[in-house]
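Labels below follow one simple rule: chain letters A, B, ... track the order of the sequence lines, proteins then strands, and each chain is numbered from 1. The figures that follow rest on heavy atoms only: side chains count, while hydrogens, waters and symmetry mates do not.
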There are 2 protein chains.
Amino acid sequence: MSIDHDQDCPGLLPEPPTAELQLVCVLHALADPMRLRIVAELAGAGGDELNCLAFELPVTKSTMTHHFRVLREAGLIRQHRRGTSKMNALRTEDLAARFPGLLEAVLAALPHCPRGADAPPPAGVAAGC
Amino acid sequence: MSIDHDQDCPGLLPEPPTAELQLVCVLHALADPMRLRIVAELAGAGGDELNCLAFELPVTKSTMTHHFRVLREAGLIRQHRRGTSKMNALRTEDLAARFPGLLEAVLAALPHCPRGADAPPPAGVAAGC
DNA sequence: GTCAAACTACGAGGTCTGTCGTACTATGGC
DNA sequence: GCCATAGTACGACAGACCTCGTAGTTTGAC
């Protein structure tokens, strides 16, 4: 997995280019209830950027950092700094270009997805197997 | 994850009913190169059933058993005994009913998928991250 | 300069996963 | 009954993963 640094947008964190997105990595990144919840909330935000604390995840900040990094290194989200915050956005178009229909199918399969960022899921996206 | 035993088809191994398929479990089952390869070959077989040894995976039999069980318990494949063999088939319709478009998107995203079971991938579906 | 906020780095822990080898259980053919 | 075939059960191991706590960095406000 190569991470390109040649984006000249200031504050943008390194991420894999669209052509190098790996299906196994994307599926692995999505195969976790916490990360699926992050992706769902980002999708529910309708393209808006959210900072890490906006998700109110039931884990510590360092665990949050871990999950956001997994998502970014898999190519699912884009992150850039703004002040002391880090803003997150779904790479919807890149994913649609590389894996057409995949993100849409995953989002459609999510339970309780009311298309709004102000309706946090009660406990978690899925309780696990 | 509940496994139902109330199928009266003889030799059918227990599997989760369609309504109880979990997105996280399905994604986790797909997030492995070996299992993705199994799913790809089953899809390439066009609905035909294949026994476990037909896949010629570069792992031992016990590892193969492990991967087939993960796929079956996630609801991706259906298994039933025939003589000394165990036949495997993709649960295409069940998956399409529960997660519309998901399996199609994953299969479309697979590299080297020539729509034929007689063209085994050279080394693996994906080398990993 | 000082402080708080937001995030990261690092290490540690416990758990899960993928793989193997060996022993074992059907099943079917002779 | 005996044997080969196909697959399972079980234990073991290394490595990856998820989580946490603590310490550190960066940024902006005062």
Side-chain angles (χ1 to χ4, degrees), chain A residues 1 3 10-15 22 24-38 49-74 77-89 124-129, chain B residues 1 3 10-15 22 24-39 49-74 77-89 123-129:
Chain A
M1 170 86 58
I3 307 288
L12 184 67
L13 275 73
E15 65 186 25
Q22 301 282 336
V24 171
C25 299
V26 169
L27 291 173
H28 172 258
L30 290 171
D32 180 276
M34 201 71 64
R35 294 194 290 263
L36 209 45
R37 176 168 160 178
I38 292 171
E49 296 183 324
L50 300 176
N51 73 342
C52 295
L53 290 189
F55 293 86
E56 297 180 6
L57 301 176
V59 291
T60 63
K61 286 193 297 179
S62 42
T63 302
M64 233 182 286
T65 298
H66 161 72
H67 285 306
F68 279 103
R69 174 155 49 177
V70 170
L71 287 170
R72 192 190 74 234
E73 292 185 346
I77 65 172
R78 171 165 297 135
Q79 293 186 298
H80 69 88
R81 307 175 189 279
R82 180 146 65 199
T84 64
S85 298
K86 185 182 289 181
M87 308 307 291
N88 302 277
V125 170
C129 308
Chain B
M1 169 84 60
I3 306 289
L12 185 66
L13 276 72
E15 64 186 24
Q22 300 281 336
V24 170
C25 299
V26 169
L27 292 172
H28 172 258
L30 289 171
D32 179 276
M34 201 70 65
R35 294 194 291 262
L36 211 43
R37 175 167 160 178
I38 292 172
V39 169
E49 295 182 325
L50 300 176
N51 73 343
C52 294
L53 290 189
F55 294 86
E56 300 180 5
L57 301 176
V59 292
T60 63
K61 285 194 300 177
S62 41
T63 302
M64 235 181 286
T65 297
H66 162 70
H67 285 306
F68 279 103
R69 174 155 47 177
V70 170
L71 287 171
R72 192 190 74 236
E73 292 185 346
I77 66 173
R78 171 166 295 135
Q79 293 185 296
H80 68 89
R81 305 174 190 280
R82 178 145 69 199
T84 64
S85 297
K86 183 181 290 183
M87 308 307 290
N88 304 277
V125 170
C129 309

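In this model, the phosphate group of D:dA9 is not approached by any side-chain N or O of B:H66 to a distance below 4.0 Å at OP1 or OP2. Applying the 4.0 Å criterion to OP1 and OP2 of D:dG7, one finds that B:R69 has every side-chain N and O outside that range. Side-chain nitrogen and oxygen atoms of A:H28 include none within less than 4.0 Å of the OP1 or OP2 phosphate oxygen of D:dA16.
Base contact: A:T65 has a heavy atom under 4.0 Å from a base atom.
One interatomic measurement links the two molecules: CG of A:L71 to C1' of C:dC7, which rounds to 16 Å at whole-angstrom precision. Distance A:L50 CG to C:dA6 P: 15 Å, rounded to the nearest Å. Computed from coordinates, the B:M34 CE to D:dA16 C1' distance equals 16 Å when rounded to whole Å. Rounded to a whole Å, the CG atom of B:D32 is 11 Å from the C1' atom of C:dT19. In this structure, CG of B:L57 is placed 15 Å from C1' of D:dA6, rounded to the nearest angstrom. Here the P atom of nucleotide D:dG7 and the CZ atom of B:R72 are 13 Å apart, to the nearest Å. Distance CG (B:L13) to P (D:dA6): 18 Å, rounded to an integer number of Å. B:H67 has its NE2 atom 8 Å from the C1' atom of C:dT19, to the nearest Å.
Applying the side chain to side chain donor-acceptor pair (under 3.5 Å) criterion to B:E49, with sequence neighbours excluded, gives B:H80. By the side chain to side chain donor-acceptor pair (under 3.5 Å) test, A:T63 pairs with A:T60, sequence neighbours left out. Under the side chain to side chain donor-acceptor pair (under 3.5 Å) criterion, A:D32 pairs with no residue, sequence neighbours left out. Residues forming a side chain to side chain donor-acceptor pair (under 3.5 Å) with A:H67 (at least two apart in sequence, or on another chain): A:R35.
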- Contact pattern, 5' to 3', of nucleotides 21-30 of chain C - B, S or - by protein heavy atom under 4.0 Å: B-----BS--
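Candidate nucleotides D:dC18, C:dC7, C:dC20 were compared by shortest atom distance to the side chain of A:L53, and C:dC7 ranks first.
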